[in-house]
Amino acid sequence: MTHIRTFGFVFACASALLLAGTAARADDTVKLSIGQRGNWDTSVAHLGDKAGIFKKHGLQLEMIYTGGSGETLQPVISGSVDLGLAVGTQGAMAAYVKGAPVRIIGAQATGAADYWYAKNPAIKTLKDANDKTIAFSSNGSSTQSVVRAFLSEFKLTAKPQATGNPTSTLTAVMTDQVDVGWASPPFGLKEIEEGKIHIVAKATDAALVRGQTIRVIVANAETLVKRKDVIDRFMKAYRESIDYMYSDNPQVLKDYAEFVRVSEPMAKRVREEFFPKSLINPDAIHGLDTLIPEAVNLKFIPAPLTKEQTAELIQIVK
Amino acid sequence: MKADAMARSRVIPPLIGFGSLALSVLAFEVLIRLNVISKFIVPPPSEIAMSFERIIVEEHVLQRFVATGSEVLTAAAMLTVVGVSIGVLLFQVDILRRATETWVAAMAAAPIVLMYPLFLVIFGRSPWTIIMIGFVAALPPVILKTIEGLAGTRRVLINVGRSFSMSESQLFWKIMLPSALPTIFVGLRLGLIFALINIVGVEFLINFGGLGQLINELAERYDLAGTYAAICFVILVSIIVFALTERIERWLTPAN
């Protein structure tokens, strides 16, 4: 009899645990692929999740960080993740034009927080970089567009050079292989504080860049239809997370500092100096008038998008 | 025709090889067209074939093919000279061999490609960074197989040489090296695999040079057919390098 009672008790406990588990699973899972881990703008999901904002909207996030725009986009197209964050706008256009089931549901970065720096104290501004080498990451990248904008807007005679990611670029600058390097904060800020390098220009110094949405949030077209409610809730939580990131709650800087392993003052510097709130506002895609011709020019798309195509591709989730 | 006769035939084995390849390509085409495999992950082979003209004309893939091919050939030449020489040295100097053989073997498993920032510092943003990473990554199998080949020379052959009063140098050049050549070539082939993987990988990683850089750019543009077509050119580099190695091996070891 005692055994039966004990069994009954254990069974009841197990059932309760299972029910609790089911309750926890009631949250909808949203799978995300996110490019450029550690940037302030790509940390919205992480920081919002840590603050319980997504949970509040009944969402459980599964985040996978990737090495670049292409890697972020591919799992969205294949349907293995629901959303891709920090996909290059022109990359998304290229995939859409080729018939891939991808839709832009929000802006991820309008303008860029990237900055250009030098080791040589004689290079103080972009004008000093004339006839010197200036770095960008790779052909067709957003950093190449920024360098192009620098050259045309400031009438520079600097020689652009592809140097890869911020790590290899810093190596190239420190060993005098390139005069002006590029980086995305918080990368390089430690070296700036130590006086090894200094900022020469910011991407937003170019008027063209300030008005361009260079990276976007994309969804799989089928997911957008089938899980409309989940995506709506995600975008609500995403906007709430942005508000939280720019609030005076000190926890957000603590969490970001811990996430990217920098000091809290440096985390604050990243936010205050490089990322105005408007930069990560997801509400509108800006600068299509320059982005589309540039996409054609860089062979992302064979011809400019028609109005109908643009309307189908860009479906901002409010 | 009996199985033995088929195997000995000059025509049938390559025909079976090409036939299998053609069937696989056809199977992919059908599976993609039936939507069993998403065309947004793997483009249909017909689309890849159509993109060849585009990547040759617009992306200048042939220049990039030559760039990667030259890097691989330079690394291969350096591997042959330096790798085999180190192997011979370690074989000759027993204490050196015992002191370093384990390290060399361990180096074969080391992800040398991750040391690219160091190579960038030393060799700059030039093809030499790519060549040197390929060369260093490919060195261990060449060294180890050279030692193995020389150590495996049959005692009776050396004894025959000695009975003819051959000098140490004659013994090495006329008996040991020819006897070790097949094993050395195994090492060279392994080394070339390592070198090619690392060379294309570093080109992709640092966005510099030939086919690796092009593959990176095409992937970022979501030009899947172009990406796969460029990968076909990497395979072509591999085929050419291996065909050359095989020719050289046959020329050096006519008895085989």
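By convention in this document, chain letters (A, B, ...) are assigned in the order of the sequence lines, proteins followed by strands, and residues within each chain are numbered from 1.
Atom CD1 of Ile95(B) is surrounded by 12 or fewer heavy atoms from other residues, nucleotides or ligands within 6.0 Å. Heavy atoms of other residues, nucleotides or ligands lying less than 6.0 angstrom from CZ of Phe28(B) number 12 at most.
When each of Gly99(A), Gly88(A), Gly79(A), Gly91(A) is scored by its heavy-atom pairs under 4.5 Å with chain B, the top score falls to Gly99(A). Interface remark: of the candidates Ala94(A), Gly164(A), Ala95(A), Ala95(A) forms the most heavy-atom pairs closer than 4.5 Å to chain B.
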I'd like a table of the N/O donor-acceptor pairs between chain A and chain B - cut-off under 3.5 Å, distance only.
from	atom 1	to	atom 2	distance (Å)
Gly70(A)	N	Glu220(B)	OE2	3.4
Gln74(A)	NE2	Phe40(B)	O	2.8
Asn139(A)	ND2	Glu217(B)	OE2	2.8
Ala162(A)	O	Arg125(B)	NE	2.4
Ala162(A)	O	Arg125(B)	NH2	2.8
Thr163(A)	O	Arg125(B)	NH1	3.3
Asn165(A)	ND2	Tyr116(B)	OH	3.2
Gln177(A)	OE1	Arg125(B)	N	2.9
Gln177(A)	NE2	Leu120(B)	O	2.8
Lys299(A)	NZ	Glu58(B)	O	3.2

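Both the backbone and the side chain of Phe40(B) come within contact range of chain A, judged by heavy atoms closer than 4.5 Å. For Ile206(B), the part sitting under 4.5 Å from any heavy atom of chain A is the backbone (N, CA, C, O) and nothing else. If you measure heavy-atom distances from Ala172(A) to chain B, you find no contacts under 4.5 Å at all. At a 4.5 Å heavy-atom cutoff, the contact between Leu224(B) and chain A is made by side-chain atoms alone.
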